[in-house]
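Everything quoted here is computed from the prediction, not taken from an experiment.
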Amino acid sequence: MLRRTIQLALAFVMIMAAAVGGVLATAAPAQADECYTWGRTLSEGMSGADVTQLQIRVAGHVDYGEILSVDGNFGPRTKAAVTKFQQAYGLAADGVAGSQTFSKIYALQDPDCTPIHFTYAELNKCNSDWSGGAVSAATAKSNGLRTMWKLEAMRRAMGDVPITVSSGFRSTACNSAVGGASNSRHLYGDAADLVGSPSFCQLAQRARNHGFGGIYGPGYPDHNDHTHVDGRTSRSWSAPNCGV
């Protein structure tokens with residue numbers, strides 16, 4: 001009889017524990033972000049739109065001269081970029097994008113998906129809708145966002161020293177008004193002319209490690225008062241006074 005009583009008591013305790021655990025589990029809030037929320041851990045071999053969103057945010061954390069493909073496929077280079085992102089922010093660096101990695105990204109981005117130290121307004125001082133360039137307004141704006149995330153990575157690597165964009169997207173009319181080249185990357189929305197507290201040479205030198213295909217600075221014609229970076233997919237660097 002005593003044994004039966006003990007068994008019933010233990011069964012009751014286990015049922016109550018399971019019930020409480022279930023309440024606690026359902027009561028825990030899901031991670032959500034106003035810009036974009038990842039719903040799964042991402043690792044090498046996976047693919048999807050969520051991988052694309054991750055690649056946009058880690059594309060500036062790459063090796064010297066590397067340009068990360070934003071293609072939705074989590075390959076070895078994406079794993080390396082995630083690892084560098086994790087290292088940059090003091091996270092466990094395993095190349096797997098899980099809750100800690102996503103939480104850091106959430107903390108780094110504003111509700112409109114721009115990184116906290118850059119804005120769409122800073123990347124487009126030409127017009128309000130990103131129209132009139134060499135690509136559609138939507139593409140130009142998307143290119144501007146990708147440029148900002150690379151600049152955020154570069155800013156972090158330079159010790160969180162502020163970087164200022166003096167010129168970003170330009171429509172054909174805006175580009176002509178400032179005497180820009182007819183094939184300027186500014187027309188595509190993926191270019192930025194940088195000024196600010198780091199020297200122009202420091203900016204040009206550092207940009208080589210953050211996924212920029214185009215880099216022009218001091219010593220290149222008409223670039224002694226700023227450093228230009230852009231997102232072309234082939235390398236074109238020239239800042240002779242800076243060793244670039």
- Under 3.5 Å: donor-acceptor pair, side chain of N127, backbone of S131: yes

- Task: Look only at the side chain of D230 and the backbone of R232, and say whether a donor-acceptor pair between them is shorter than 3.5 Å.
- Result: yes

- Query: Are a donor atom and an acceptor atom from the side chains of S136 and T139 found within less than 3.5 Å of each other?
  - Reply: yes

- Query: Under a single-linkage definition using a 4.5 Å side-chain heavy-atom cutoff for Ile, Leu, Val, Met, Phe, Trp and Tyr, are V62 and V96 assigned to the same hydrophobic cluster?
  - Reply: no

- Message: Contact between P115 and Q109 at the side-chain level, heavy atoms closer than 4.5 Å - yes or no?
- Response: no

- With rounding to the nearest 0.5 Å, note down the distance linking OG1 in T41 to CZ in F102. 6.5 Å

- Is there a path from I116 to I105 through hydrophobic residues (I, L, V, M, F, W, Y) whose side chains come within less than 4.5 Å of each other? yes

- Item | pair S166-D225: side-chain heavy atoms closer than 4.5 Å | no

Return a table of donor-acceptor pairs under 3.5 angstrom between the side chains of residues 151-158 and protein atoms on other chains or two or more places apart.
from, atom 1, to, atom 2, distance (Å)
E152, OE1, H117, ND1, 3.3
E152, OE2, H117, ND1, 2.7
R155, NH1, H117, NE2, 3.3
R155, NH1, D160, O, 3.4
R156, NE, A88, O, 3.0
R156, NH1, D160, OD2, 2.9
R156, NH2, A88, O, 3.1

- Message: Does this structure show an ion pair linking R146 with D190, if we count only N-O contacts that are shorter than 4.0 Å?
- Response: no

- Task: Could you name each residue pair satisfying salt bridge (charged side-chain N to carboxylate O under 4.0 Å, His left out) that touches residues 80-95, not counting sequence neighbours?
- Result: D63-K84

- Y188/W130 aromatic ring centres below 6.0 Å: no

- Report yes or no: do F212 and L68 belong to one cluster of Ile/Leu/Val/Met/Phe/Trp/Tyr joined by side chain heavy-atom distances under 4.5 Å? yes

- Could you tell me which non-hydrogen atom of S184 sits nearest to which non-hydrogen atom of R170, and how far apart they are? OG-NH1, 4.1 Å

- Query: Donor-acceptor pair, W237 side chain versus R208 backbone, under 3.5 Å?
  - Reply: no

- Linking I/L/V/M/F/W/Y whenever their side-chain heavy atoms sit closer than 4.5 Å, directly or via other members, would V195 and V161 fall into one cluster? no

- Message: Parallel, tilted or perpendicular, judged at 30° and 60°: which one describes the rings of H223 and Y220?
- Response: perpendicular

- Message: Can you tell me how the ring of W38 sits relative to the ring of Y106, calling it parallel under 30°, perpendicular over 60° and tilted otherwise?
- Response: tilted

- Parallel under 30°, tilted from 30 to 60°, perpendicular over 60°: which one fits the rings of H228 and H186? perpendicular

- Message: Under the criterion side-chain contact (heavy atoms from CB on, under 4.5 Å), I'd like the reasoning laid out for F169 against N143: C-alpha separation, chi angles, the key distance, then a yes or no.
- Response: CA-CA 9 Å; F169 167 75; N143 288 342; over 6 Å; no

- Note on the structure: Heavy atoms of Q87 and A93 approach each other most closely as CG-CB, 3.5 Å

- How far does CZ of R185 sit from CG of N183, to the nearest 0.5 angstrom? 9.0 Å

- Task: Return yes if some donor-acceptor pair links the side-chain N/O of T83 with the main-chain N/O of K79 below 3.5 Å, else return no.
- Result: yes

- Task: Check for a donor-acceptor pair, side chain of T172 on one end and backbone N or O of G132 on the other, with a separation under 3.5 Å.
- Result: yes

- Task: Find the distance between CD1 (I67) and OG (S234) and round it off to the nearest 0.5 Å.
- Result: 7.0 Å

- Task: Answer yes or no: is there a donor N or O on one side and an acceptor on the other, between the side chain of T114 and the main chain of D110, under 3.5 Å?
- Result: no

- Query: Any sub-3.5 Å donor-acceptor pair from T37's side-chain atoms to D33's backbone N or O?
  - Reply: yes

- Item | Residue pairs passing the salt bridge (charged side-chain N to carboxylate O under 4.0 Å, His left out) test where at least one lies in residues 122-145, sequence neighbours excluded | none

- Message: Would you say F118 ends up clustered with Y120 if hydrophobic residues are merged whenever their side chains have heavy atoms under 4.5 Å apart, either directly or through other cluster members?
- Response: yes

- Item | Closest heavy-atom pair and its distance - P162, S197 | O-OG, 3.4 Å

- How many angstroms lie between OG1 in T52 and CG in N73, if you round to the nearest 0.5 Å? 8.0 Å

- Message: side-chain contact (heavy atoms from CB on, under 4.5 Å), that's the test. Do V165 and D193 meet it? Break it down for me.
- Response: CA-CA 6 Å; V165 177; D193 291 344; 5.9 Å; no

- Query: With a 4.5 Å limit on heavy-atom distance, are the side chains of K104 and L91 in contact?
  - Reply: yes

- Query: Is there side-chain contact between V229 and L194, with heavy atoms separated by less than 4.5 Å?
  - Reply: yes

- Item | Nearest non-hydrogen partners of Y89 and H61, listed with the distance | CE1-CE1, 4.2 Å

- Message: With heavy-atom distances below 4.5 Å as the criterion, would you say the side chains of Y216 and D222 are in contact?
- Response: no

- Query: Should V58 and L54 count as side-chain neighbours, where that means a heavy-atom distance under 4.5 Å?
  - Reply: yes

- Message: Looking at every non-hydrogen atom in both residues, tell me the closest pair between W149 and I56 and how far apart they are.
- Response: CB-O, 3.4 Å

- Query: Q86 side chain to G95 main-chain N or O, any donor-acceptor pair under 3.5 Å?
  - Reply: yes

- Please answer whether the main-chain N or O of V244 pairs with a side-chain N or O of Q205 as donor and acceptor at a distance below 3.5 Å. no

- Query: How many angstroms lie between CZ in R206 and OG in S199, if you round to the nearest 0.5 Å?
  - Reply: 13.0 Å

- Item | L145 side, atom CG; L123 side, atom CG - distance, nearest 0.5 Å | 9.0 Å

- Nearest non-hydrogen partners of Q55 and G72, listed with the distance: OE1-N, 2.9 Å

- Message: Taking the side chain as everything from C-beta on, heavy atoms only, tell me whether R77 gets closer than 4.5 Å to S69.
- Response: no

- pair P111-C35: side-chain heavy atoms closer than 4.5 Å: no

